[in-house]
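Note on naming: letters A, B, ... go to the chains in the order of the sequence lines (proteins, then strands), and numbering restarts at 1 for each one. Just so you know, these numbers come straight off a predicted model, no measurement behind them.
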Amino acid sequence: MGPLDHEQPFKTRFQKRLLSYLLDKYERSRSFQSGGASGLRPQFAMKESPFWAEYSDEMDFRKRDWMNEVLLDLERQGVVSLVWDRFREGELLAKVYLEWDGLDDAYRLAGREPKLAKLKRLREILRPLQSHPWEWVRRFWRETDDRLAKRQNPGLALDDPEGYADLVRVLQALPGLDETGVPKRQFSQALFRDSKHFERRVERRLVGLLRAWGEFEMETEEAYLDSVGVVENPSSVWLNGPLTLVLGDRRLETAGFVGGVGLSAATVQKMEVEAVGAQRIVTIENLTSYHQWVQERVGRSELVVYTGGFPHHTLQLFLKKLAAAVARQSPELPVGHWGDVDLGGIRIFQFLKTQFFPRLQPIMMDIPTLEAHRERAVRADDKYVEKALAMRDDPGFAQWGEVLDWIAKSRLRLEQESIVDIPADV
DNA sequence: TGACATTTACCGGGCTGATT
DNA sequence: AATCAGCCCGGTAAATGTCA
């Protein structure tokens, strides 16, 4: 085994590692971002570099010779320039500089794609979002494109262009989805000819995008996906009380069902609300509380609707039809909502109010209720308190100022299941 | 040699991808 | 779903190179 067996592979590997090291520095530097060559070149001191261990390896001194040869060769090609230790010219390197004019060669020899090219390609991939029908997507695009144009990476995985192409495809498809939402696997199959592809490759990114840029803050990933019409399975609407529906050529009454009735997504899609036969509408956030309410208030003239946390797609369609009927027939009809007295519950209330029922009144979501159930309340951490304070200062939640203050001060929040007795007069 | 500009090192925070 | 390491970012302070 002579040196020839190792020399060439060693030199090739070293040259790549060295150039990559310098190019990494360059791509992180301000010179890269500003696009021009600054006075200070990307550089490193041999002694501080990751190459020092091999460079100073006493067990195999040929390595240093080989490394010197590689670097001298690069210097001849104008890719780097070298500064030697004093009195040890050609023997012991002090510093290595990357030369501006050698950048292209450096990339070629290192066998890697310039960051600039990656940024450019990503811009091309994202460009279709420029004219997306949703405002928040366009906002995301605008800021991201700005950053990319400024040669900054706005937190994207530069080495995954396919992933972003998929994301763009998904975003383009979302606005056209069915009103009641499309099951995830079916969506994936239609878009990618692979029922798992969406879950595996796109879902996380889409949820991340919604978290960062979407209009509403949700508690779970499912809620985020539902908000854009991607559902696990078609969901139903649960309600109790008198409602007259028209479905095709049939008129249906929900009044007679004991303990309530479920309407499938398909029914909600096809039906119209003809009349609300109750004196009041009540929406309830959680299932346990919905059952409790329905059981304890038998005989009242109320239409009770279960929202299941943040209203899912099908429920929103139902509420839209319900709200239209109310506005048409009895705009004075009282509408109340009972939910958790916490940030999520307040968001849900505001959503229902702004989207469907402008006259919506909270039920048992006030300070007396908080005080009365203090012992059953759940602890809130620092982050939660911070969010509560931010919401308090948001004009969209002006109605909730005192409640949010109470939550922030006492560091407590109340889940509605903690309320075991429903007063008769709420 | 000193003034100035730029880079580097370091930190926390957030995202990604892999793993469990 | 939770956890982990790795990476990038922006900010800071400190170090270092350039230029007159």
Do [X] and [Y] have their ring centres less than 6.0 Å from each other?
X: A:Y224; Y: A:F216; result: no
X: A:F44; Y: A:Y97; result: no
X: A:F192; Y: A:F198; result: no

Rounded distance in Å - [atom1] ([X]) to [atom2] ([N]):
X: A:L210; N: B:dC15; atom1: CG; atom2: C1'; answer: 15 Å
X: A:R204; N: C:dA1; atom1: CZ; atom2: C1'; answer: 10 Å
X: A:K118; N: C:dC8; atom1: NZ; atom2: P; answer: 9 Å
X: A:L119; N: C:dC8; atom1: CG; atom2: P; answer: 12 Å
X: A:L23; N: B:dT7; atom1: CG; atom2: C1'; answer: 17 Å
X: A:L167; N: B:dC15; atom1: CG; atom2: P; answer: 14 Å
X: A:E203; N: B:dA18; atom1: CD; atom2: P; answer: 16 Å
X: A:D160; N: B:dC15; atom1: CG; atom2: P; answer: 17 Å

- Message: Tell me whether the side-chain N/O atoms of A:K95 come closer than 4.0 Å to OP1 or OP2 in C:dG17.
- Response: yes

- Query: Do any side-chain nitrogens or oxygens of A:R205 fall under 4.0 Å of OP1 or OP2 in B:dG17?
  - Reply: yes

- Message: Atom NZ of residue position A:K95 - does it have more than 12 heavy atoms of other residues, nucleotides or ligands inside 6.0 Å?
- Response: yes

